[in-house]
Amino acid sequence: MTDTPIVIAGAGPTGLMLACELGLAGIDVLVLERLPQPRTVESRAGALHIRTMEMLDQRGLLDGFLERGRPLRDVHFSGLGLDLSDMATRFPYALFLLQAEVERLLEERAAQLGVRLRRDAEVTGFSQDETGVTVELADGSSVRADYLVGCDGGRSTVRGLAGIAFPGTSATMTTMLGDVELAEPPAADIFQERREHGRFSVLSYGPDWYRVLTNEFDHVAGRDEPVTLETLRKSLLKIAGTDYGMHSPRWLSRHGDAARQADRYRVGRVLLAGDAAHIHFPAGGQGMNTGMQDAVNLGWKLAAVVRGQAPDLLLDTYQAERHPVAARVLHNTRAQTALWRVDDHTSALREVLGDLIGIDEVRLRLAGMISATDTRYPMEGTDDLLGRRMPDLDLEHGRVHELLHRARAIVLDLGGLPPLAAVVTGWADRVELVRACPAEGSGLGADAVLIRPDGHVAWVTRVGEQPDLDALRAALTTWLGPAGPHGEQVRHGPALPPMQNPD
Ligand SMILES: Cc1cc2nc3c(=O)[nH]c(=O)nc-3n(C[C@H](O)[C@H](O)[C@H](O)COP(=O)(O)OP(=O)(O)OC[C@H]3O[C@@H](n4cnc5c(N)ncnc54)[C@H](O)[C@@H]3O)c2cc1C
């Protein structure tokens with residue numbers, strides 16, 4: 001008998017998002033966080049991307065984030081702007097919102113869902129057997145769980161103890177960062193330039209504070225070398241020729257462009273997510289977003305397994321789906337930092353790419369990659385919708401994302417297909433059959449789809465086609481486990497009322 005089904009190590013954005021997903025599924029979860037207090041001064045990430053916003057919207061949580069954030073029309077690829085305003089989404093922008101605020105909102109939500117968060121609780125060891133994992137803490141106590149998820153950041157203790165290798169590429173440059181006040185700031189809110197001795201950015205983060213970043217390509221500093229206001233000033237003076245009257249630092253830090261990824265995301269009952277599974281240079285602001293998206297992929301699977309509905313094998317699909325996504329992120333950040341170099345050849349390459357970005361198809365391809373709207377998981381079948389995120393169609397009553405507020409799988413019948421009910425009945429405790437009509441002008445070209453709890457399409461029947469019910473049964477079995485002896489449960493629109501927002 002275990003103390004709790006799931007222990008999560010780390011209350012960063014990944015661990016908290018995972019805790020929210022599990023809490024929503026009614027699973028008892030314990031989060032162990034080394035820090036005694038939430039991080040407030042150090043706020044690494046500064047933006048939510050489209051797919052992350054869509055995922056929060058799927059849970060009815062986005063309004064609280066939108067209220068506190070500021071929309072940004074562009075994201076960038078290596079500093080080359082990518083206009084998002086014509087992206088196919090309800091949220092065609094990035095949301096400027098500090099990581100500390102994201103963590104605060106998620107922590108509040110987790111508390112509402114009954115998640116237990118223990119601070120000042122550092123995980124120092126674990127051992128696992130067929131029935132569970134015993135997690136050891138620095139204070140000498142231990143907790144027994146069915147599964148342990150290491151969301152404990154780039155230097156993950158869980159990853160190390162699990163013996164999971166972390167291959168990749170080492171740092172080739174040095175970045176210094178300061179959240180500071182400026183007596184003479186540049187006129188633009190976002191000012192970035194490449195000059196002879198490196199690259200620098202000055203980003204307006206609030207009424208009177210700025211994030212200043214310098215990138216030097218001629219040396220690699222140790223990550224733990226201290227940064228002072230004077231070292232940052234010296235670097236900025238060398239590259240930009242001015243320090244913009246920098247003073248009153250809130251946070252100073254240094255990082256490189258090492259890009260590494262866990263070779264396995266799972267060893268038995270121990271899994272990794274977020275920075276514990278992948279690190280890379282924060283180019284394009286993808287790290288926090290990728291971690292939160294890992295959590296949404298993993299949460300419903302873990303819930304189904306600990307409830308005994310789905311076999312443990314379902315957890316292997318987490319690595320199969322998410323490892324390639326992060327590998328691609330590592331790849332694109334390497335390309336972005338390579339393009340920052342300040343030699344003439346790189347300048348020529350940037351000009352060519354800048355020109356190509358003028359072509360809508362190229363811009364949208366890169367924007368889809370940074371925003372993660374192009375994520376597609378491998379699925380049986382050839383239909384282009386399979387594995388992709390379900391578009392948030394307007395329905396006659398409500399819209400599709402509202403159907404996912406409770407994180408249950410949905411068979412959405414848009415074409416009035418009576419045979420679906422007889423199939424779905426076997427999974428009635430795990431999937432809802434929703435009969436709805438698309439609003440006028442809101443077409444998908446499909447009569448029915450199976451939408452997983454994370455919003456990805458796992459079965460589709462196109463308009464006018466005979467539905468392949470065997471394929472639907474197979475998809476339900478793959479994603480939700482074998483059928484049970486349950487009665488039919490059909491919901492007709494209107495959609496569910498939205499969940500309460502974090503505050
Ligand atoms: C300068 C900078 C800018 C960035 N900008 C962006 C951006 O704009 N967009 C973006 O998406 N990403 C950005 N990132 C990346 C982003 O900050 C990380 O990807 C994100 O923090 C990862 O979240 P996480 O929850 O996986 O890990 P973390 O945020 O590192 O959280 C891990 C948590 O685990 C705790 N912990 C560690 N060890 C233990 C242990 N043994 N026991 C218990 N608890 C433990 C830690 O205290 C921490 O709270 C940026 C990073 C940097 C450095």
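Order of appearance sets the numbers: ligands from 1, and atoms from 1 within every ligand.
- Taking the ring centre of Y265 as origin, the terminal cationic atom of R322 falls outside the region bounded by 6.0 Å and 45° from the ring axis.
- S347 pairs by the side-chain contact (heavy atoms from CB on, under 4.5 Å) definition with R194, not counting sequence neighbours.
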Table please: side-chain donor-acceptor pairs of residues 48-55 below 3.5 Å, with sequence neighbours left out.
residue	atom	partner	partner atom	Å
H49	NE2	G284	O	2.8
H49	NE2	G285	O	3.0
R51	NH1	E54	OE1	2.9
R51	NH1	Q58	OE1	3.4
R51	NH2	Q58	OE1	3.4
R51	NH2	D454	O	3.3
T52	OG1	N289	OD1	2.6
T52	OG1	Q293	NE2	2.9
E54	OE1	R389	NE	2.6
E54	OE2	T89	OG1	2.8
E54	OE2	R389	NE	3.4
E54	OE2	R389	NH2	2.8

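- Between W209 and Y205, the ring planes are perpendicular. Angles over 60° get that label, and only those under 30° would be called parallel.
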What does the N/O contact table under 3.5 Å look like for ligand 1?
residue	atom	partner	partner atom	Å
ligand 1	5 (N)	R44	O	3.4
ligand 1	8 (O)	G46	N	3.1
ligand 1	9 (N)	G285	O	2.9
ligand 1	11 (O)	G285	O	3.0
ligand 1	11 (O)	G287	N	3.1
ligand 1	11 (O)	M288	N	2.7
ligand 1	11 (O)	N289	N	3.0
ligand 1	11 (O)	N289	ND2	2.9
ligand 1	12 (N)	G287	N	3.2
ligand 1	12 (N)	M288	N	2.9
ligand 1	17 (O)	Q99	OE1	2.8
ligand 1	19 (O)	D275	OD1	2.7
ligand 1	19 (O)	D275	OD2	3.3
ligand 1	19 (O)	M288	N	3.1
ligand 1	21 (O)	R44	NH2	3.4
ligand 1	21 (O)	Q99	NE2	2.8
ligand 1	25 (O)	P13	N	3.2
ligand 1	25 (O)	T14	N	3.0
ligand 1	25 (O)	T14	OG1	3.3
ligand 1	26 (O)	T14	OG1	2.8
ligand 1	26 (O)	D275	N	2.9
ligand 1	29 (O)	R39	NH2	3.0
ligand 1	29 (O)	R44	NH2	2.9
ligand 1	30 (O)	R44	NH2	2.9
ligand 1	41 (N)	V123	O	3.0
ligand 1	41 (N)	T157	OG1	3.3
ligand 1	42 (N)	V123	N	2.9
ligand 1	44 (N)	R34	N	3.1
ligand 1	47 (O)	E33	OE2	2.6
ligand 1	49 (O)	E33	OE1	2.7
ligand 1	49 (O)	E33	OE2	3.2

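- The salt bridge (Lys or Arg N to Asp or Glu O under 4.0 Å) check on D392 picks up R90, R399, with sequence neighbours excluded.
- F96 carries R70 over the face of its six-membered ring, with the cationic atom under 6.0 Å from the centre and within 45° of the normal.
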